[in-house]
Amino acid sequence: MATNEKWVIPPPPVQRVENPAEFQGIVLEGVSKAFGPKVVLKQADLLIAKGETIVIIGRSGQGKSVLLKNIVRLMEPDEGLIWIEGEEVTSMRRGDLMELRKSFGFLFQGAALFDSMTICKNVGLMLEEHTDMTPAQIRARACECLALVGLEGSDDKLPSELSGGMKKRAGLARAIVMKPRYILYDEPTTGLDPITSDAITDLILKLQRELGVTSIVVTHDMPSAYKVADRIAMLSRGKIVFSGSVAEVRSTTHPMVRQFIEGSATGPLGAF
Amino acid sequence: MRAIIGKLGRLVLHGLQSTGRGALLLRSIVFQLPHAWSMRRETSEQMQIVSVGSLPLVVTTSVFVGAVTAVQAVYQMQAYVPMKFLGTVISKSVFIELGPVLIALVVGSRLCANYAAELGTMKVTEQLDAMNIMAIDPVRYLALPRFLAAVLMIPVITVLANTIAVVGGYVASVLTLDVTSSTFIEGLKMFYKHSDLMGGLIKSFFFGGIIAMSGIYYGFNTEGGAEGVGKATMTAVVGSCLSVLVADYFLAIILFQIVFRS
Ligand SMILES: Nc1ncnc2c1ncn2[C@@H]1O[C@H](COP(=O)(O)OP(=O)(O)OP(=O)(O)O)[C@@H](O)[C@H]1O
Ligand SMILES: [Mg+2]
């Protein structure tokens, strides 16, 4: 792109390890994904250490949601390998994959609540399917999770009776109900008012501190990102172009990151 | 001309491809059958949707099918065939053909559209993805109860429809066609064969499977938003109706030329 000539773009961070099968955490190695002619991920590399909270930023349509879905194999990458705690995901058998997924929580960008079930049933469904808990215990645990996201009293409502932000929070309650070791958040605070947004940010922090979960947070909400992130990575044109701590992000001279955090229409990312 | 042949060719290929992938889906549903008992709540919920919800449709269809068969039969038999055969004609045509096929077309379309639209909406709103990520197999949780409900309930509904249609034929004959009640009932009993009824029910069992598979398959494979759901529903209903009619022919050959041949 012509606009790039005006800016000096530093080389992308090294996100590879010698032996991915021994890395504790998640490794993405050369992951590519295209939809027809549209290339979304192009040989993307990313390392996510165990217990870390990594925030992924990037402009709309750059493939952040696609990246998350590839990790848990909701989408199959066209090429590349993904390891989770030493196990390669893209070649995993279905049974093992299902087992692995039980240790994951996933908050969908659009919440993806089951609209024929009540909120309580939505949240409790995994417990019903994968544990021996009694209906009363399941209900108690579901209510506990709903209270964590500030939705007490809405348990018997249907998703269609909730506002957009409430759906998002119900989706979050559903994602954490099994006490997962990994939580993938796709824009957890989008569509929430600033106060609820901050409360959800605090909840993400709390889950990480108390349960030691590894989190991948996709967000556009920079105050929330600064608060939760151990590390911030930027996805642009199918690759991770930057990775650094909050302090490094604030002080970086990387033109793409600067443009993004300043919200400027002029820069290497272009306006549209 | 070439364009038409090309289009037809593509349609046939598409049909074959869907049949193949549908067969794979059917296989994975069959593999989930051992879990049927644990899905009994969802299955009975679906069975209620199939049966109770269809009742007005079933009653209306059957009454008039029986009545119109009576009218047509009387018209064609007048002066050539004794009226004591009227009951025979009505019951045979209803049990063997009209009952199973019309129920598969009418109730089947309702059911197939319901399955395709519901599952299709779940697909495009990422609810199927959500289920997968929660390590719950949509084939077990969604497809299996729907498949069982259709396979079990369509024959039951057909029995009901057969009964209502014969009653409809009787009422129409006695009230409007100058046939006495005893003549009608005599004909009904005269050539009654168990295999007629059984043959029809076996057919409707297969029709139930076809209807469910079509709805589930097109629902699971929906792409795009509301438009995609509309398209999937339409394709599912058309596919189900056509497959029922084609299968009806082959089942008729197998059942009435080979199995029940006397
Ligand atoms: N199922 C799909 N079929 C075709 N194209 C897709 C599909 N999913 C995503 N895409 C394309 O991939 C690109 C990246 O989409 P993605 O949803 O990952 O963006 P994003 O970075 O999450 O954006 P946003 O911040 O707006 O959520 C988009 O251009 C989109 O058109
Ligand atoms: Mg997204």
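Computed over heavy atoms, backbone and side chain alike; hydrogens, waters and symmetry mates excluded. Note on naming: letters A, B, ... go to the chains in the order of the sequence lines (proteins, then strands), and numbering restarts at 1 for each one.
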Portion of Met75(A) that has a non-hydrogen atom of chain B nearer than 4.5 angstrom: neither
Considering residues, nucleotides and ligands other than Phe206(B), do more than 12 of their heavy atoms fall under 6.0 Å from its CZ? no
Quick check on Lys231(B): does its NZ atom have over 12 non-hydrogen neighbours (other residues, nucleotides or ligands) under 6.0 Å away? no
Are more than 12 heavy atoms, taken from residues, nucleotides or ligands other than Phe64(B), located less than 6.0 Å from that residue's CZ atom? no
Determine whether more than 12 heavy atoms belonging to other residues, nucleotides or ligands lie under 6.0 Å from atom CD of Glu76(A). yes
Contacting region of Leu113(A) [heavy-atom separation from chain B under 4.5 Å]: backbone
Over all heavy atoms of both residues, which pair between Ala135(B) and Lys102(A) is shortest? Give the atoms and the distance, please. CB-CG, 3.7 Å
May I ask you to test the Asp137(B)-Arg94(A) pair for a side-chain heavy-atom distance under 4.5 Å? yes
Side chains of Phe106(A) and Asp129(B) in contact at under 4.5 Å (non-hydrogen atoms): no
Nearest-0.5 Å distance, NE2 of residue His130(A) to CD1 of residue Ile136(B): 5.0 Å
From the options Met178(A), Met126(A), Glu129(A), select the one residue that forms a side-chain contact (heavy atoms from CB on, under 4.5 Å) with Met134(B). Met126(A)
Would you compute the distance between atom CG of Leu128(B) and atom CG of Leu74(A) and round it to the nearest 0.5 angstrom? 10.5 Å
Residues Ala112(A) and Gln127(B): closest non-hydrogen pair is O-CG, 4.1 Å
Distance in Å, Glu126(B) CD paired with Ser65(A) OG, rounded so as to fall on 0.5 Å steps: 7.5 Å
Would you say Asn132(B) and Arg73(A) make side-chain contact, with heavy atoms under 4.5 Å? no
